[in-house]
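This one's a predicted model, so the numbers in the text were calculated from it and none came from an experiment.
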Amino acid sequence: MNLFRLLQARASAGKPVRVALIGAGKFGSMFLAQVPHTPGLEVPIIVDIDRDRAREACRTVGWDAERIAATVFTDDGARAIAGGAMDVVVEATGNPAVGIRHARAAIAAGKHIVMVNVEADVLAGPLLAEEARKAGVVYSLAYGDQPALTAEMVDWARATGFRVVAAGKGTKYLPAYHDVTPDGVWQHYGLTAGEAQSAGMNPQMFNSFLDGTKSAIEMAAIANACGLDVPTDGLLFPPCGVDDLPHIMRPRSRGGVLERSGLVEVVSSLERDGRPVFRDLRWGVYVVLEAPNDYAADCFRQYGLKTDSSGRFAAMYKPYHLIGLELNISVLAAALRGEATGQPYGFRGDVAAVAKRNLHAGEMLDGEGGYTVWGKLLPAAASLKAGALPIGLAHRLKLKHDVAHGTVVRWSDVEFDANNETIGVRKAMETAFAKER
């Protein structure tokens, strides 16, 4: 609880924490909104493929003309990383290939990297984090996003002596959502296509949240960062409100839905018939913990924790996450304490591409949130054994074979360039962490 005091000391010494932001979309814009109100934190360079859009983002979030004039806007991420006395690089593009490239460049340049780009983290994060540790810099998940917030709660539970039974987040989910395409996404958000377009909302990006892909990616990130397991056949998305977390999110042997303890899982804010769950956790994160002894279980009851009927399982949760508005915590933890707000230490969870409909040879895959595939969470060992194509690479690859609706797309089903840089990094990660399988 000392980040603000440490930042004040840096500000007083005239040595502000300097950040290069790559990607001025929604997450980046929310981070930028806080910068003028955080003395000792500066963002002297912003990288975006559309520099005018990045400038407009700064104006929209309240930057004055003087601050904007003093900022370098560029579309060259490599040059921005290599030059300047930056402490931290924030990678917020959402593009896995680009994110991996920027992360490696930052590590090579001796700069801390905060990976908002969870898509890149799930594709190759264990390798990137290991490279950062060897280079003496921090590779970190982004605080404010649900994986880092969940990792914090898992760490709290373990550091206080509790066994973690389950951890994850809430979302809006129905089984039919897996097959939704960008053409049909807005009806599920209560919007028309025109309203979404006028608000600048990207249908494919929002569809990745709806069709289950983003949930799978975020749970894989949590599993890899926290040493938790993933469900054998993908996420269950059980309907569950906050009061029922200890009852539902416990092992089946104890009356819950989990195949065993120590899993990541996402709870749905909708019952299977579409009715809203009472006191849902759609925007939040949770951890279910088990009392190690009778005395601790008695304390749960004495201090008002919601428990299951046995009194042994209880839950802690955070009802909301503020994404980019909270990103300063990661930036300052890295720059001032040399610590990550979560980072992968192993390869336990992977996200495989699954056909949204019957796909045919010659078709081109269009990636996360698109018309062809959605991402399913699998144990890393099972994914690799099956030769599953990672969702992060299922973009602009041509199918060699037909793939039936609901079937995992495999490497053998697609044409790909073995010399592709991103594929090479992914394969290197698999090899480096083979001992974990």
Side-chain angles (χ1 to χ4, degrees), residues 3 6-7 10 15-23 31 41-45 47 74 76-93 95-143 145 147-148 151 155 220-221 224-227 327-348 380 392 420-436:
L3 284 178
L6 291 172
L7 183 60
R10 284 283 292 260
K15 297 179 179 178
V17 174
R18 293 164 61 86
V19 178
L21 171 65
I22 306 178
F31 166 62
L41 178 66
E42 294 183 358
V43 182
I45 187 164
V47 181
T74 178
D76 191 336
R79 182 173 295 180
I81 292 168
M86 299 297 155
D87 298 287
V88 180
V89 174
V90 172
E91 215 298 333
T93 65
N95 183 306
V98 172
I100 290 170
R101 193 178 313 126
H102 287 153
R104 300 191 95 186
I107 293 166
K111 296 175 172 63
H112 304 306
I113 176 75
V114 175
M115 188 62 89
V116 177
N117 191 337
V118 69
E119 294 82 3
D121 176 77
V122 169
L123 191 60
L127 181 67
L128 299 176
E130 181 65 20
E131 289 178 353
R133 288 189 287 268
K134 289 179 179 177
V137 296
V138 173
Y139 173 100
S140 180
L141 299 178
Y143 198 90
D145 225 350
D155 188 59
N224 293 339
C226 298
L327 185 61
N328 285 3
I329 302 300
S330 288
V331 170
L332 300 181
L336 303 178
R337 292 201 298 228
E339 292 182 353
T341 51
Q343 64 175 236
Y345 285 92
F347 183 39
R348 305 175 76 90
N420 176 276
E421 178 186 6
T422 308
I423 291 175
V425 173
R426 164 67 186 207
K427 293 297 186 182
M429 189 274 290
E430 294 176 1
T431 299
F433 288 85
K435 59 182 180 296
E436 306 219 352

*Asks:* Is there side-chain contact between Thr422 and Pro96, with heavy atoms separated by less than 4.5 Å?
*Replies:* no

*Asks:* Going by side chain to side chain contact (heavy atoms under 4.5 Å, CB included), Val19 matches just one of Val43, Val89, Asn328, Leu327. Which one?
*Replies:* Val43

*Asks:* Within a strict 4.5 Å, meaning less than it, do heavy atoms of the His112 and Val114 side chains meet?
*Replies:* no

*Asks:* Nearest 0.5 Å, what's the CD-CD1 distance between Glu421 and Ile100?
*Replies:* 8.5 Å

*Asks:* What pair of heavy atoms forms the shortest contact from Asp87 to Pro16, and how long is it?
*Replies:* OD2-O, 3.7 Å

*Asks:* Is the shortest heavy-atom distance from the side chain of Leu6 to the side chain of Arg337 under 4.5 Å?
*Replies:* yes

*Asks:* What heavy-atom pair brings Ala92 and Leu21 nearest, and what distance separates the two atoms?
*Replies:* CB-CD1, 4.4 Å

*Asks:* To the nearest 0.5 Å, what is the distance between CG on Asp76 and CD1 on Ile45?
*Replies:* 8.5 Å

*Asks:* What pair of heavy atoms forms the shortest contact from Pro126 to Asp121, and how long is it?
*Replies:* CD-O, 3.8 Å

*Asks:* Working to the nearest 0.5 angstrom, can you tell me the gap between Leu128 CG and Met429 CE?
*Replies:* 8.5 Å

*Asks:* How many angstroms lie between atom CD of Glu130 and atom CZ of Phe347, to the nearest 0.5 angstrom?
*Replies:* 15.0 Å

*Asks:* Donor-acceptor pair, distance only, cut-off 3.5 Å: does the side chain of Thr341 make one with the backbone of Leu141?
*Replies:* yes

*Asks:* For the backbone of Thr93 and the side chain of Glu91, can you confirm whether one donor and one acceptor N or O come within less than 3.5 Å of each other?
*Replies:* yes

*Asks:* Are side-chain heavy atoms of Tyr143 and Leu332 found at a separation under 4.5 Å?
*Replies:* no

*Asks:* If I compare all heavy atoms of Ala148 with all of Ala142, which pair ends up nearest, and what's the gap?
*Replies:* CB-O, 3.3 Å

*Asks:* Please report the closest heavy-atom contact between Ala340 and Tyr139, naming both atoms and the distance.
*Replies:* CB-O, 3.5 Å

*Asks:* Taking the side chain as every heavy atom from C-beta outward, state whether Met86 and Pro44 have any atom pair closer than 4.5 Å.
*Replies:* yes

*Asks:* Would you name the heavy atoms of Ala132 and Val138 that are closest together and state the gap between them?
*Replies:* CB-C, 4.4 Å

*Asks:* Look at the side chain of Asn117 and the backbone N and O of Asn95, then say whether any donor-acceptor pair between them is shorter than 3.5 Å.
*Replies:* yes

*Asks:* Is the closest side-chain heavy-atom distance between Val116 and Phe31 below 4.5 Å?
*Replies:* no

*Asks:* Donor-acceptor pair, Arg18 side chain versus Glu42 backbone, under 3.5 Å?
*Replies:* no

*Asks:* Below 4.5 Å, heavy atoms only, C-beta onward: do Val425 and Arg104 meet side chain to side chain?
*Replies:* yes

*Asks:* Any non-hydrogen side-chain atom of Ile81 less than 4.5 Å from a side-chain atom of Ile22?
*Replies:* yes

*Asks:* What is the distance from atom OG1 of Thr431 to atom CZ of Arg426, rounded to the nearest 0.5 Å?
*Replies:* 10.5 Å

